[in-house]
Amino acid sequence: MSKVRRLAAVCGLSLIVSLLLAGVAVAADQRAVLFLETRPSAKPEQGYVLAARLVATDGRPVNEATVRFYDLVEFFGAREMLIGSATTDGQGIATLTYLPAQLGPRAIVAKFAGRAGVAATEGRASLAATVAAQPYTVEPAPLSAFSSKVPYAVGAIVLAVWALIGFALIGTARGVMTGARKEGKGQTA
Amino acid sequence: MWPIGRGDRKFWIAVVVLSAMVAAGFYAYIYQLQRGLWVTGLNQKVSWGFYIINCVFFIGISYGGAMTSAILRLTNAKWRAPLTRLAEATAVAALLVGAVYPIIDLGRPDRALHLLLYPQVGSPIVWDLVAVSTYLVASFVFLYLPLIPDLAMCRDTLGPSAGRVRRTIYRVLALGWRGEPRQERSLARGIGIMAVLIIPLAVSVHSVLAWLFAVTARGGWHSTIFAPLFVLAAMLSGVAAVILVVAALRKVYGLQEFITAKHFRYLSYLLIALGVGYLYFMVSEYLTEAYVLERSTTPVLEAIFEGVYAPAFWVFTVGGLVLPLVVAALPGRFAIARACTGSALIIGGMWLKRFLIVVPGMAEPVMPWDWGRYAPTWVEVTITIGSAAAIPLLLIVFFRFFPAMSVHEMEEVEGAELRRTSMVPAFAGGGDE
């Protein structure tokens, strides 16, 4: 019986230790804060710099953390469009250059998915885009200068053919009818 | 004898039988329209089948009819006179049938309008529409202009039994023709322009049809020789169709006096020349492709020469091309029977050839898949039979109202004193009923 008691005591103790260790582990996931700011790029044509700073609640920067940046868009409903990702440096700062596709106000979100010891967090910022990417243009295909004119040339030929058909039909009809009228007048005279 | 006028018993039997076949085809199409293209043998891998084959085939026959008439007119062949009307009418009838097939091939035929509403000028399909519609109008004009003097003849000689409506139609369409020199000159000029114009038009139609295949990157289709090959194939099957139509109407209308073995011999010469030309083009195509053996072409050639499509290919080559040419070229008697036999074999062979162009090229996988399979269903077969019946139906109905041979042209070209009453007996008697 004493063996049973001892075994129960060991199990209970193990359980208590495990819970304590788990509590320590949970407590180790410190809360973090992600500050996001946007600013124009030094080269305006490159758009905007999205700078996210990840710091723990005790003020220490979190380095080597992956931060993902999203643009909130309306596309069959509100969606987060992934812009890209960057890794924080020793200051806890991750930056990304972003050239929006459209002008106007935009909402940007930076997300940190969390890792051992640091909890997940996200930050938001707005961006009034006055610079945007140029519309997509198709690169000219080989012979495009020539081939773009071909439909016009073929169209002109088609029109000429229709004109000839019209001439053959209407010209013949007119010729036959005129001949008939002259003959009629001749007979009357 | 089936003269112009009300139909006799044979006429109505023919109309009823052919109309029943056309109605069956129409029913099959409605069935397909209600249920969708899944009722056909078309599938994701082989999405072109009987309908596209028939489109190319019937437009080809039309082309041959128009070309036959145009070439005979331009070369001023004296023996052409009894044949031109039949060839021109065959061209229009076959074109009316062939031009409908791209719409039958659409699961949503209403979307055919998108070709007009949102045309892409870089697409061969848009130019196909332009070419076919232009050619259709030109074919009608080419049929109508030589008809004017004969319409005047109908106006002047048909009795009251023809009915007021028909006589009014003859009078309006005859444009007051009296056979005056000025009228003759105008008519000759108009026909001359159309005869010159119809040849490049017909060539363009079949070239664009060929380019629909050739501009794709599919094995067996991507060939520079496709356009002339299609043109020659069309001429060959068209001349064969004209021979059969002429022989049938000669028998039915009792035109043996005007259309003789000589006409069939000359048409056979044309058939042989075109057949030999086609054989040369075909050998040239296969030889260059089989020598290079490009990756995309090799499986198609294997399938055609020794694979699942080999029976169709060898039946076409031997039975549908070489044998009919030999039969038509043989000297001696039975020129008409030989010409008709050769023509029937060529028509069957050229349909098989179109099948060999369309289906293996589609069935060959362009992705790492299995070969596609295609077997037509009763819907496609019924529509095909119905459309084939529509051509003779259109012809016999047309020739019920208009002379089957150009009387004016026969008098002019052959200088013959024709007994008009024997050609169209109803003219004299005001109807045979």
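Chain identifiers are assigned alphabetically (A, B, ...) following the order of the sequence lines, protein sequences preceding nucleic acid strands; residue numbering begins at 1 within each chain.
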| said: Nearest 0.5 Å, please: how far is CG in B:Leu197 from CZ in A:Phe167? | reply: 12.0 Å
| task | Would you give the length of the straight line joining atom CG of A:Leu164 to atom OG1 of B:Thr134, rounded to the nearest 0.5 angstrom? | result | 12.0 Å
Heavy-atom cut-off 4.5 Å, strictly under: side chain, backbone, both or neither for [X] against chain A?
| X | value |
| --- | --- |
| B:Leu145 | side chain |
| B:Tyr144 | side chain |
| B:Ala188 | neither |

So with a 6.0 Å cut-off around [atom1] of [X], is the heavy-atom count from everything else above 12?
| X | atom1 | value |
| --- | --- | --- |
| A:Leu143 | CG | no |
| B:Arg155 | CZ | yes |
| A:Arg60 | CZ | no |
| B:Ile125 | CD1 | no |
| A:Gln134 | CD | no |
| A:Arg31 | CZ | no |

| task | Evaluate the criterion side-chain contact (heavy atoms from CB on, under 4.5 Å) for residue pair A:Val158 and B:Trp127; output intermediate values, then yes/no. | result | CA-CA 10 Å; A:Val158 170; B:Trp127 293 106; 4.1 Å; yes
| Any side-chain heavy-atom pair of B:Leu201 and A:Ile165 under 4.5 Å | yes
| field | Minimum side-chain heavy-atom gap A:Trp162-B:Val137 below 4.5 Å | value | yes
If every non-hydrogen atom of [X] is compared with every non-hydrogen atom of [Y], which pair is closest and at what distance?
| X | Y | answer |
| --- | --- | --- |
| A:Ala168 | B:Met194 | CB-SD, 3.6 Å |
| A:Gly175 | B:Ser186 | CA-OG, 3.2 Å |
| B:Arg182 | A:Thr178 | NH2-CG2, 3.5 Å |

| Part of residues 88-112 of chain A lying next to chain B, heavy-atom separation under 4.5 Å | none
| message | If I measure from the heavy atoms of chain B, does A:Val161 come under 4.5 Å with its side chain, its backbone, both, or neither? | response | both
